[in-house]
**Q** 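Let me give you the structure first, and then I'll get to my questions.
When a residue number appears, it is its place in the shown sequence, counting from 1. Since the model is a prediction, treat every value here as computed from it, not as a measurement.
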Amino acid sequence: MGCCGSSERTKREWRPLEDRSCTDLPWFLLFTVFCVGMGSICGFTIVTGGAARLVFGYDSYGNTCGQRNELIEGVRLSGLDHTDRKFVFFLDPCNIDIVQRKIKSVALCVSLCPVEELKTYQDLKKFAMVNGSELCSYELAAHKYPSLPERIDKCPKLPVPPSKPLPVFNRCTPVDVSCYAKFAEAVVTFVGDSSVLHRLIAGVAASKEIIIGLCVLALALSMILMVIIRYISAVLVWILTSLVVLGSLAGTGVLWWLYIDHRLYGNETSPKLPKEAKEEMKAELSADSGQALLVYAVSASVFTIILLLLMLFMRKRVALTIALFHVAGKVFIHLPLLTLQPFVTFLALLLFWIYWILVLLFLGTSGNPEQNEETGLTEFRLTGPLQYLTWYHAVGLVWISEFILACQQMTVAGAVVTYYFTRDKNRLPVTPILSSVLRLVRYHLGTVAKGSFIITLVKIPRLILMYIHNQLKGRENVCARLMLKTCICCLWCLEKCLNYLNQNAYAATAINSTSFCTSARDAFVILVENALRVATINAIGDFVLFLAKILIMTSTAFAGVLLLNYQRDYTEWLLPLIIVCLFSFLVAHCFLSIFEIVVDVLFLCFAIDTKYNDGTPGKEFFMDKALMEFVESSRRLGRAAERGRSRVKEAVSEGAEMKPMAPGTSSA
């Protein structure tokens, strides 16, 4: 599959939905090999026992609970038969390393977790003799617990709290989680009093039905808004435009008023000082303040003039934004399955992230056994070349996540392209979304893999720099901190630009079935030819969608305030409302991001349509009625402007013909 340098025709003939062929096949094979490598890492952790150690648990001597173990050289008490000991018990479960986020206590394999509190060593002995579950170190005899001097270090810390095993992961966990308060307070740094934390958690527990109901409300509002936004888009856009213009004019006027007021009356207010010092200070303060206000006022004036000129030249393109929003609303009516795309994408990402986290945990319990020099406990670590498996796994997180998101973009683009370039909407496929998914799977997975890999190449350096910045926080100098932040910001901007270009490249691939580089080049040419339209749609459209997200979040929060009104303690409102606001904004972002993709794809189709068709027989437009009205309106304005220019030219030429001759040339 050729890339940008392939011998393509210089002028691309856009052939929507025709001549479908496989694209970027080498990248599909590369991505397949990479995914096989990801699966091999999971297989490695299972074969080497890492998965079993995570699920069944292991003690501080390297023995896996619930099975017969092999002797580990140099590790005492290893190689024990724990077939009957299926649960992991910690001698001091509250000894938590907050930095490393793990329990530092000695762990043992036991046959039963203590369900009642054990207050004395005699209770430990009785529990072991009755239940056959020894809670002290393996070398200590149960009947000698009360008298052994080693019991202080090798038996659990008294009193032993009642515990129960975790589902799936067989760890004895205290029923009363109060011993984890230190860890919780360290995670929730804004909580200084544990009672506040308990009240917040109690508020969430008491309001769980309301929280679920409000989350469903946010879902419903998002789905409704995607359909009705086409009816309110015109009002929103023009209100937004008016507010921006009025705000800039008002701000500029206030700055000039402050400057004039300072010049006229600023010298009257000054501290009581000797006359010479007073005059000197007055002159310095007046000069500095006046110069600063003048700079602010001039800058604001320049900004306002540029803004007004932009609004003047782009007013027609604002109408295009409104028309695209109107058509996007129609797309969701004709393609209702588009509303399920956020659910499908979220489910795919969730399943992959769960798998990724499980394999990462498996890797944490894989490798060779090593004794920790500080604690003397046995830990499993990857050494040598195997330690790079974690880095490979981390790259897989970014690339496959971006691949899933890119599949969503390609699916939506394919469905919208089908809708746009089908003249008779009654002849649309029964399920355009499923047809788009099938085309993606059959022809274009390589293109999606290549586009997502490009994003990965930019995202990974940015994440590494962010990690370095966090690790060096408070230790680096100002220059290094500034350079790091600048690099992070530049990479973020580059990632956003590439994301936008990728999205349009996927749309071009959905139309022409061309490779990623060819599609990206063709889409870039179209976007450059319509640069002002692109700027208008992105600026105004994105802000309108942001306002829509805020509208959904505030509406859900307002409903939450009304429903939580019965709880008079405001601290019990805090966490439920934060959860509801975050979830509602996330839901609104997911749904309206689909709407944004639809608008961007519609614009690309519109730009292609107007470039290669003019409405004459044989070159009929594919566009919707709303976009057709915009084109006709633009043509009428263009013809009127052309007539005005021709009249001016005629007047100028007539004036030149009637110009009198110079006096020296008149005949005698």
**Q** Can you tell me how far the CD atom of Q341 sits from the CG atom of L337, to the nearest 0.5 Å?
**A**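 These two atoms lie 8.5 Å from each other.
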**Q** Determine whether more than 12 heavy atoms belonging to other residues, nucleotides or ligands lie under 6.0 Å from atom CZ of F352.
**A** yes
**Q** Begin from the C-alpha positions of T252 and S301 and carry the test side chain to side chain donor-acceptor pair (under 3.5 Å) through to its verdict.
**A** CA-CA 6 Å; T252 304; S301 301; 5.1 Å; no
**Q** Does a side chain donor of either T418 or R439 reach within less than 3.5 Å of an acceptor in the other side chain?
**A** yes
**Q** Show your reasoning for whether side-chain contact (heavy atoms from CB on, under 4.5 Å) applies to Y419 and H334.
**A** CA-CA 8 Å; Y419 172 85; H334 284 88; 3.7 Å; yes
**Q** Any side-chain heavy atom of L221 sitting closer than 4.5 Å to one from S555?
**A**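 Answer yes - side chains close enough.
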**Q** Could you walk me through whether V295 and S299 pass side-chain contact (heavy atoms from CB on, under 4.5 Å), step by step?
**A** CA-CA 6 Å; V295 170; S299 301; 4.1 Å; yes
**Q** Using every non-hydrogen atom in the two residues, find where L482 and T486 come nearest and quote the distance to one decimal.
**A**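 Closest approach of L482 to T486, heavy atoms only: O-OG1, 2.7 Å.
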**Q** Heavy atoms, side chains only, cut-off 4.5 Å: are C22 and R442 in contact?
**A**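 No, their side chains stay 4.5 Å or more apart.
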**Q** Roughly how far apart are L349 CG and L405 CG, rounded to 0.5 Å?
**A** 5.0 Å
**Q** State, to 0.1 Å, how close Y506 and T447 come at their nearest heavy-atom pair, and which atoms those are.
**A** CE2-O, 4.0 Å
**Q** Considering non-hydrogen atoms only, spot the tightest contact between S436 and M410 and give its length.
**A**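 Minimum heavy-atom contact is OG-O, 3.7 Å.
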**Q** Are I550 and F585 side-chain neighbours, meaning at least one heavy-atom pair lies under 4.5 Å?
**A**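 Yes, side chains in contact.
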**Q** Which is it for W27 and V448 under the side-chain contact (heavy atoms from CB on, under 4.5 Å) test, yes or no, and what are the steps along the way?
**A** CA-CA 9 Å; W27 281 93; V448 171; over 6 Å; no
**Q** To the nearest 0.5 Å, tell me how far L457 CG sits from L494 CG.
**A** 10.5 Å
**Q** Would you please test Q408 and T345 for side chain to side chain donor-acceptor pair (under 3.5 Å) and show each step?
**A** CA-CA 7 Å; Q408 173 186 267; T345 304; 2.6 Å; yes
**Q** Do the non-hydrogen side-chain atoms of C407 and L440 ever get within less than 4.5 Å of each other?
**A**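 Yes, their side chains come closer than 4.5 Å.
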**Q** Which pairs count as salt bridge (charged side-chain N to carboxylate O under 4.0 Å, His left out) when at least one residue sits in residues 326-353, sequence neighbours excluded?
**A**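 Passing the test, one end in residues 326-353: K330-D624.
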**Q** Between S452 and E402, is there a donor-acceptor pair closer than 3.5 Å when you use the side chain of the first and the backbone of the second?
**A** no
**Q** Mind checking whether L217 and L214 have side chains closer than 4.5 Å, heavy atoms only?
**A** yes
**Q** Report the distance from atom CZ of F325 to atom CD of E596, rounding to the nearest 0.5 Å.
**A**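 The CZ atom of F325 sits 8.5 Å away from the CD atom of E596.
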**Q** Tell me the closest heavy-atom pair linking I526 and N530, and the distance in Å.
**A**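 Here I526 and N530 meet closest at O-ND2, 2.8 Å.
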**Q** Under 6.0 Å between the ring centres of F343 and F591?
**A**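 Yes; F591 has its ring centre under 6.0 Å from that of F343.
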**Q** Where the side chain of T554 meets the backbone of L551, is there a donor-acceptor pair that is under 3.5 Å apart?
**A**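 Yes, because the side chain of T554 sits within donor-acceptor range (under 3.5 Å) of the backbone of L551.
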**Q** Would you sort out whether D600 and Q503 count as a side chain to side chain donor-acceptor pair (under 3.5 Å), showing the intermediate values?
**A** CA-CA 8 Å; D600 290 337; Q503 181 179 300; 2.9 Å; yes
**Q** Sub-3.5 Å donor-acceptor pair from the side chain of D609 to the main-chain atoms of F622, do we have one?
**A** yes
**Q** Rounded to the nearest 0.5 Å, how far apart are CZ of F546 and CG of L592?
**A** 12.0 Å
**Q** Please name all residues satisfying ring pair (Phe, Tyr, Trp, His ring centres under 6.0 Å) with Y420, sequence neighbours left out, ordered by chain then number.
**A** none
**Q** Hey, is CZ on F28 packed in by over 12 heavy atoms from elsewhere, all under 6.0 Å?
**A** no
**Q** Can you label the angle between the F606 ring and the F603 ring as parallel, tilted or perpendicular, going by 30° and 60°?
**A**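 Answer is tilted, since the angle falls between 30° and 60°.
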**Q** Looking at CG of L491 and CE of M466, how far apart are the two atoms once the value is rounded to the nearest 0.5 Å?
**A**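 Between L491 CG and M466 CE, I get 11.0 Å after rounding to 0.5 Å.
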**Q** Checking side-chain hydrogen bond (donor to acceptor under 3.5 Å, both in side chains) between S519 and each of T23, N504, T509, which is the one that passes?
**A** T509
**Q** Indicate the atoms forming the closest heavy-atom contact of V417 with C605, along with that distance.
**A**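 Where V417 meets C605 most closely, the heavy atoms are CG2-SG, 3.9 Å.
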**Q** Is there a side-chain contact between F595 and L338 (heavy atoms, below 4.5 Å)?
**A** no
**Q** Restricting to non-hydrogen atoms, name the atom on I594 and the atom on P342 that form the minimum distance, rounded to 0.1 Å.
**A** CG1-CG, 3.7 Å
**Q** Side chain to side chain donor-acceptor pair (under 3.5 Å) for S401 and W356? Distances and angles first, verdict last.
**A** CA-CA 11 Å; S401 297; W356 188 88; over 6 Å; no
**Q** For F31, check ring pair (Phe, Tyr, Trp, His ring centres under 6.0 Å) against everything at least two apart and list the hits.
**A** W399, F403
**Q** Within the side chain of T339, is there an N or O that forms a donor-acceptor pair under 3.5 Å with the backbone of P336?
**A** yes
**Q** Is it the case that atom CZ in F524 sees more than 12 heavy atoms from other parts of the structure closer than 6.0 Å?
**A**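 Count not over threshold, so no.
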**Q** Answer yes or no: does atom NE2 of H589 have more than 12 heavy-atom neighbours from other residues, nucleotides or ligands under 6.0 Å?
**A**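 Not more than 12 within 6.0 Å, no.
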**Q** State, with a plain yes or no, whether a side-chain heavy atom of I400 is found less than 4.5 Å away from one of Y355.
**A** no
**Q** Can you find a heavy atom in the side chain of L586 that is under 4.5 Å from one in the side chain of C590?
**A**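 Side-chain contact under 4.5 Å: yes.
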